[in-house]
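Both backbone and side-chain heavy atoms feed into the values below; hydrogens, waters and symmetry mates do not. The shown structure was predicted, so the numbers you read here are calculated from the model rather than taken from an experiment. By convention in this document, chain letters (A, B, ...) are assigned in the order of the sequence lines, proteins followed by strands, and residues within each chain are numbered from 1.
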Amino acid sequence: MYQLQLAQIALFVLMGFALPALGMILLAWILQLMFGYHRPSKTKIQPYECGMKPLQEAHVQFDIRYYLYALLFILFDIEIVFIIPWALATDQVGKALNFKMFGPIEVTIFLSILVVGLAYAWKKGALEWE
Amino acid sequence: MRNGAEILKLGTLTITWWCIIFGAVWIACYLVGVAIPMLLSSYDSDAARITAETCRALTPILSVLVFIPINAMFMVLFERRGLAIFTVRLGPNRVGPDGYLQTAADAVKLLFKEDITPHGADAFMFTLAPIVFFAPSIFGAMPLLAAVTNYHELFQIVNLPTGIFFILAASSVPVVGIVMGGWASNNKYSLVGGLRSAAQAISYEIPLVLSLVTICLLAGSLDVVEIMKQQAGGILNWNILGGGALRGLDSALALKFSNSAPALQELSAKSFDQVLKTAYSDPAAAALGLVAGQDSMATIASIIAVVVLMACVLIAAGLYMTGACAEINRIPFDLPEAESELVSGYNTEYSGIKFAIFFLAEFTNLFVVASIFVVMFLGGGDCPVPAWLGNMLGGPQMASAINQVLSPLIAIKFVDPPTLFAAIWVILKVYGIVFFAVLVRGTLPRFRIDQLMDFGWKRLIPLSLIVFVLVVFAREFVNVHVGS
């Protein structure tokens with residue numbers, strides 16, 4: 001059952017990627033072969049820039065402004081990855097230790113560390129989009 | 001008056017298209033999942049058995065595949081007609097009877113359009129981007145299948161113990177496709193669109209996930225089917241009303257309204273205590289106990305806990321919808337494809353079938369997030385009428401009458417009544433959410449990018465953390481004071 005399920009998931013993920021790809025390739029190619037409608041010209045394949053000639057390539061170095069946001073995001077995402085098992089196990093842990101408030105106190109400490117970090121970043125201006 | 005007529009027209013359109021969608025998916029699943037294995041079962045050979053098993057295993061995938069294109073076609077039409085009503089105009093009403101076939105015609109047009117790769121584009125990435133964008137909407141919906149079909153045997157196999165985790169993992173993949181498409185197009189608008197999309201996705205993912213984790217904490221499970229099963233039995237049990245805080249109220253009412261005389265006899269202070277001590281459903285029942293004249297510390301604490309829980313879960317639902325709208329780039333968060341400033345952003349350069357795939361995936365994503373909302377907060381395929389009320393209104397008689405009518409179809413295993421009703425309820429609720437999304441689109445203007453980031457990081461994330469901690473303590477408070 002377990003292996004079958006894994007196989008099913010793998011099949012699903014594979015199909016998810018394969019089917020649009022296949023559909024795209026088959027449909028586009030077959031239709032284009034049938035109707036022969038593929039006549040790119042120089043002006044047609046120009047990148048769109050409101051009718052002007054494109055000034056330069058778009059593949060340039062650019063400033064990703066949300067570098068700090070991305071760093072904070074990784075922190076919070078890891079936090080969530082830790083919280084999910086906590087949410088499922090907290091009752092058993094409380095029962096095993098015979099101290100029901102253990103889980104909530106634990107997660108409050110954990111979250112408060114993160115909140116202090118967020119407040120610090122906020123105060124330092126990391127959350128300002130310039 | 002005109003609006004009333006338009007809404008009626010939208011209703012007829014919706015029902016017609018639902019029949020088409022339902023019919024297509026149902027017949028495809030029946031043929032592959034039931035009819036072929038039944039035919040093959042008369043042959044006693046290994047090859048026949050393997051073929052039958054393969055057919056059964058492929059049914060969930062087939063159902064998704066048949067469902068996605070037809071459903072997306074209808075959703076586009078639904079959205080355009082809905083928007084037309086909200087902005088007081090007619091909307092598409094020319095192609096086919098009253099515009100019913102507008103999007104089908106659009107799809108055909110897109111298939112025949114010339115497929116252009118812009119000059120200087122990274123052709124491989126340019127082709128891969130729509131695929132990466134579309135794929136998660138196929139496999140991300142997988143754990144939901146078992147839930148929305150009322151765990152029909154054919155769909156049980158795709159039921160994961162960590163369903164929500166899988167869905168969340170899948171839901172962060174499409175943004176990779178957007179960034180790829182934006183970068184590979186060699187177009188400045190696309191590049192900016194792709195970058196904005198990444199910034200937006202990382203800001204709104206945290207409130208979205210935290211609101212879902214809140215529900216998982218209340219349910220004690222990550223399994224979609226498990227969460228849905230807990231909500232079975234009417235609107236009072238749904239997670240949106242206090243995450244199951246009212247479940248005790250429901251069982252108390254069921255006791256009160258059950259027709260059998262012995263059960264009525266049991267309705268004494270003692271049985272209330274018993275209801276009180278059943279599970280974490282107690283708070284609401286405890287409130288009822290207070291009304292019945294039983295005062296105790298536990299009762300008052302429970303009432304406070306129930307109020308806190310209900311408020312928190314409502315906020316969590318709002319956070320989920322906001323985060324989900326941002327994740328799938330819907331108005332008011334459609335900065336990556338803002339038509340008026342970025343000429344539709346990351347898909348500026350796309351045409352023909354690649355654009356069609358982007359378009360299809362966008363609407364399928366809307367459907368998927370709406371169905372996650374339905375399964376997590378609105379009880380999935382559960383009928384909103386509680387069992388005790390249904391019994392009073394003659395529910396069992398109606399059910400048996402329907403069974404009578406459908407009996408020839410049930411005999412050939414074409415119809416499974418629980419699956420049928422679950423599917424109908426799910427689609428009704430999901431389209432309710434979709435209608436809400438269309439209403440939001442017709443109402444709100446677009447955010448500015450700095451406002452968007454501020455709103456995400458300075459409002460939603462702190463709010464979601466507060467909600468989470470409040471839920472943790474309210475839940476524990478109930479557990480300690482009422483005792484399980």
Side-chain angles (χ1 to χ4, degrees), chain A residues 4-5 7-9 11-13 15-17 19-21 23-24 27-28 31-32 35 37-40 42 44-50 54 57-59 62 64-66 69-70 72-73 76-77 80 83-84 87-88 90-91 94 100-101 103-104 107-108 111 114-115 118 122 127-130, chain B residues 57 61 65 111-112 114-120 127 130-131 134-136 138-139 142 157-158 160 165 185-191 195 198-199 202-203 205-206 209-210 213 216-217 220-222 343 348-349 352-354 357 449-450 453-454 457-458 461-462 465 468-469 472-473 476 479-480:
Chain A
L4 203 62
Q5 226 170 28
Q8 189 85 4
I9 297 161
L11 192 67
F12 240 100
V13 174
M15 287 289 213
F17 282 101
L19 285 165
M24 207 162 93
L27 278 172
L31 289 178
Q32 277 177 12
F35 299 94
Y37 204 82
H38 189 67
R39 304 185 206 106
K42 199 177 171 232
K44 201 189 273 174
I45 61 168
Q46 226 169 36
Y48 176 73
E49 215 163 293
C50 299
E57 290 275 291
H59 292 166
F62 52 88
I64 39 170
R65 289 164 158 191
Y66 50 86
Y69 287 108
L72 280 172
F73 165 72
F76 274 93
D77 227 24
I80 285 163
I83 277 186
I84 288 176
L88 298 185
T90 172
D91 278 355
K100 277 184 175 174
M101 292 308 274
V107 87
T108 314
L111 285 179
L114 270 160
V115 167
L118 183 68
W122 191 337
L127 302 185
E128 302 298 329
W129 183 276
E130 296 125 20
Chain B
I61 294 168
L65 277 185
L111 286 184
F112 284 91
E114 187 180 0
D115 192 21
I116 303 171
T117 310
H119 173 72
T127 317
I131 300 170
F134 185 60
I138 292 183
F139 64 76
M142 182 182 74
I157 188 153
V158 287
L160 304 180
F165 206 65
S185 297
N186 191 23
N187 181 317
K188 282 143 211 158
Y189 294 118
S190 306
L191 185 63
L195 290 179
I202 62 174
S203 305
E205 178 131 339
I206 297 158
V209 178
L210 265 179
V213 171
C216 290
L217 171 72
S221 172
L222 290 177
V343 275
T348 305
E349 292 297 340
I353 184 133
K354 288 173 190 162
I357 288 180
I449 182 83
D450 61 324
M453 297 304 264
D454 272 8
W457 283 93
K458 296 179 180 170
I461 290 178
L465 288 171
F468 183 74
V469 172
V472 167
F473 277 98
E476 216 51 45
N479 278 353
V480 169

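- Highest contact tally toward chain A, considering only N186(B), I131(B), I138(B), T117(B), is held by N186(B) [criterion: heavy-atom pairs under 4.5 Å].
- A search for side chain to side chain donor-acceptor pair (under 3.5 Å) contacts involving S203(B) returns W457(B), not counting sequence neighbours.
- For the atom pair K458(B) NZ and W122(A) CH2, the distance stands at 6.5 Å (nearest 0.5 Å).
- Chain A forms more heavy-atom pairs under 4.5 Å with one residue of S221(B), A199(B), P130(B) than with any other, namely A199(B).
- Between the CD1 atom in I206(B) and the CD1 atom in I80(A) there is a gap of 5.5 Å [rounded to 0.5 Å].
- For F139(B), the ring-ring contact (aromatic ring centres under 6.0 Å, His included) criterion is met by F17(A), not counting sequence neighbours.
- For V13(A), the parts sitting under 4.5 Å from any heavy atom of chain B are the backbone and the side chain alike.
- Counting only heavy atoms from C-beta outward, the side chains of T108(A) and V472(B) never approach each other to under 4.5 Å.
- The distance from the CG atom of L217(B) to the CD1 atom of I84(A) is 11.5 Å, given to the nearest 0.5 Å.
- Residue contact with chain B, scored on non-hydrogen atoms closer than 4.5 Å, is absent for L114(A).
- In terms of heavy atoms, G220(B) sits closest to L88(A) at C-CD2, 3.7 Å.
- For D454(B), the part lying near chain A is the side chain, with the backbone staying farther off; criterion is any non-hydrogen pair under 4.5 Å.
- I61(B) touches chain A through backbone and side chain together, each having a heavy atom under 4.5 Å away.
- In this structure, the portion of L65(B) lying under 4.5 Å from any heavy atom of chain A is its side chain and not its backbone.
- Among D450(B), I461(B), T348(B), I202(B), the residue making the largest number of heavy-atom pairs under 4.5 Å with chain A is I202(B).
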